[in-house]
Amino acid sequence: MDFMHDQLGDGRNFRLFNVIDDFSREALGIETDFSLPSARIVRALEQIMEWRGRPAVIRCDNGPENISGLIQAWADRMGIRLEYIQPGKPQQNAYVERFNRTVRYEWLSQYYWEDLEEVRL
């Protein structure tokens with residue numbers, strides 16, 4: 001899992017939370033909003049788990065969202081190991097980084113987004 005950010009036409013920043021299956025390289029989910037707090041991330045992951053099952057491991061960076069007590073407690077309660085990549089080593093999370101690049105150049109940079117609903121669609 002990883003986060004991205006971009007801007008709407010009026011200058012407001014928004015964030016994207018991307019989840020990729022390392023085995024199948026399938027995009028499992030993208031959450032888009034102005035703010036994505038830890039509780040929202042947990043909810044998004046639980047929704048993915050409802051139809052895909054519980055993963056043994058989730059690989060992520062050491063960003064504040066991923067090291068929050070809420071995420072760690074949730075993962076521990078669910079029996080999921082959080083595998084943090086080394087700082088400054090995005091290649092250790094290569095599949096999601098490649099997906100992020102595709103999202104950036106094939107989607108986000110191609111359009112002038114007016115509002116968040118337009119981004120979500």
Side-chain angles (χ1 to χ4, degrees):
M1 64 184 190
D2 201 16
F3 292 86
M4 298 178 66
H5 70 277
D6 204 2
Q7 277 189 342
L8 295 177
D10 61 10
R12 291 182 295 165
N13 291 316
F14 64 90
R15 301 191 74 200
L16 295 97
F17 170 65
N18 300 327
V19 181
I20 305 297
D21 181 330
D22 274 5
F23 180 75
S24 68
R25 300 182 187 177
E26 179 183 3
L28 302 178
I30 300 175
E31 286 287 313
T32 306
D33 214 329
F34 294 115
S35 175
L36 293 168
S38 296
R40 176 86 179 269
I41 298 311
V42 166
R43 187 174 76 215
L45 291 171
E46 287 178 343
Q47 287 174 342
I48 292 169
M49 286 170 38
E50 283 181 17
W51 62 278
R52 290 300 296 247
R54 182 177 47 86
V57 177
I58 296 177
R59 183 176 303 126
C60 55
D61 61 23
N62 292 300
E65 306 90 350
N66 300 328
I67 62 171
S68 78
L70 184 70
I71 296 283
Q72 291 180 350
W74 172 81
D76 187 50
R77 192 172 58 252
M78 298 299 290
I80 299 170
R81 181 171 52 94
L82 293 176
E83 185 175 288
Y84 296 105
I85 65 170
Q86 294 173 310
K89 302 273 187 179
Q91 65 273 17
Q92 292 177 350
N93 206 3
Y95 295 132
V96 78
E97 293 295 341
R98 175 65 176 93
F99 179 76
N100 290 351
R101 181 177 146 197
T102 299
V103 168
R104 170 75 52 213
Y105 293 110
E106 300 294 328
W107 176 39
L108 293 175
S109 296
Q110 296 294 321
Y111 301 97
Y112 187 74
W113 306 104
E114 293 294 329
D115 58 40
L116 204 53
E117 189 57 32
E118 195 173 56
V119 176
R120 288 178 181 143
L121 290 173

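- Checked against side chain to side chain contact (heavy atoms under 4.5 Å, CB included), Gln86 has the following partners two or more places apart in sequence or in another chain: Lys89, Gln92.
- Considering all non-hydrogen atoms of both residues, Ile20 and Ala27 come closest at CD1-CA, 3.7 Å.
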As a quick check of understanding, evaluate side chain to side chain contact (heavy atoms under 4.5 Å, CB included) for Asp22 and Val57, giving each step before the final call.
CA-CA 10 Å; Asp22 274 5; Val57 177; over 6 Å; no
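- The distance from the CG atom of Leu116 to the CG atom of Leu121 is 10.0 Å, given to the nearest 0.5 Å.
- The nearest pair of heavy atoms linking Gln110 to Tyr105 is NE2-O, 3.0 Å.
- For the atom pair CZ of Phe99 and CE of Met4, the computed distance is 8.5 Å after rounding to the nearest 0.5 Å.
- Contact check for Met49 versus Pro55: side-chain heavy atoms found under the 4.5 Å cut-off.
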What do the steps show when you test Leu45 against Met1 for side chain to side chain contact (heavy atoms under 4.5 Å, CB included), and what is the final call?
CA-CA 10 Å; Leu45 291 171; Met1 64 184 190; 4.0 Å; yes
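- Cluster annotation: Ile48 is connected to Leu36 through the hydrophobic network of ILVMFWY side chains, with a link wherever side-chain heavy atoms come within less than 4.5 Å.
- For the pair Asp21 (side chain) and Ser24 (backbone), a donor-acceptor distance under 3.5 Å is present.
- Considering every non-hydrogen atom in both Tyr112 and Gly9, the closest pair reads OH-O, 3.3 Å.
- Ile30 and Val42 are not part of a single hydrophobic cluster, where members link through side-chain heavy atoms under 4.5 Å apart.
- Listed by chain and number, the residues in a side chain to side chain contact (heavy atoms under 4.5 Å, CB included) with Asp61 are Asp2, Asn66, Ile85 (sequence neighbours excluded).
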With side chain to side chain contact (heavy atoms under 4.5 Å, CB included) as the criterion, how do Asn100 and Arg104 come out once you've worked through the C-alpha distance, each side chain's angles and the decisive distance to 0.1 Å?
CA-CA 6 Å; Asn100 290 351; Arg104 170 75 52 213; over 6 Å; no
What verdict does the side chain to side chain contact (heavy atoms under 4.5 Å, CB included) test give for Leu28 and Trp51, after you've listed the backbone C-alpha separation in whole Å, the side-chain angles of each residue and the deciding distance to 0.1 Å?
CA-CA 10 Å; Leu28 302 178; Trp51 62 278; 4.2 Å; yes
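- Between the side chain of Trp113 and the backbone N or O of Glu118, no donor-acceptor pair lies under 3.5 Å.
- Hydrophobic clustering (side-chain heavy atoms under 4.5 Å, transitive across Ile, Leu, Val, Met, Phe, Trp, Tyr) groups Leu8 together with Val103.
- Atom CZ of Phe17 sits about 4.5 Å away from atom CD1 of Ile41, to the nearest 0.5 Å.
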Derivation and outcome, ring pair (Phe, Tyr, Trp, His ring centres under 6.0 Å), residues Phe34 and Phe14
CA-CA 4 Å; Phe34 294 115; Phe14 64 90; 7.4 Å; no
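- Considering CD1 of Ile58 and CG of Leu82, their distance stands at 6.0 Å, rounded to 0.5 Å.
- A continuous path of Ile, Leu, Val, Met, Phe, Trp and Tyr side chains, each step under 4.5 Å between heavy atoms, connects Val96 with Leu108, placing both in one hydrophobic cluster.
- Between Asp6 and Trp107, the closest side-chain pair of non-hydrogen atoms is not below 4.5 Å.
- Listed by first then second residue, pairs satisfying side chain to side chain donor-acceptor pair (under 3.5 Å) with a partner in residues 25-48 read Arg25-Tyr95, Glu26-Arg52, Glu31-Arg40, Asp33-Arg40, Asp33-Arg120, Ser38-Ser68, Glu46-Trp74, not counting sequence neighbours.
- Atom CD of Gln72 and atom CZ of Arg77 lie 12.5 Å apart (nearest 0.5 Å).
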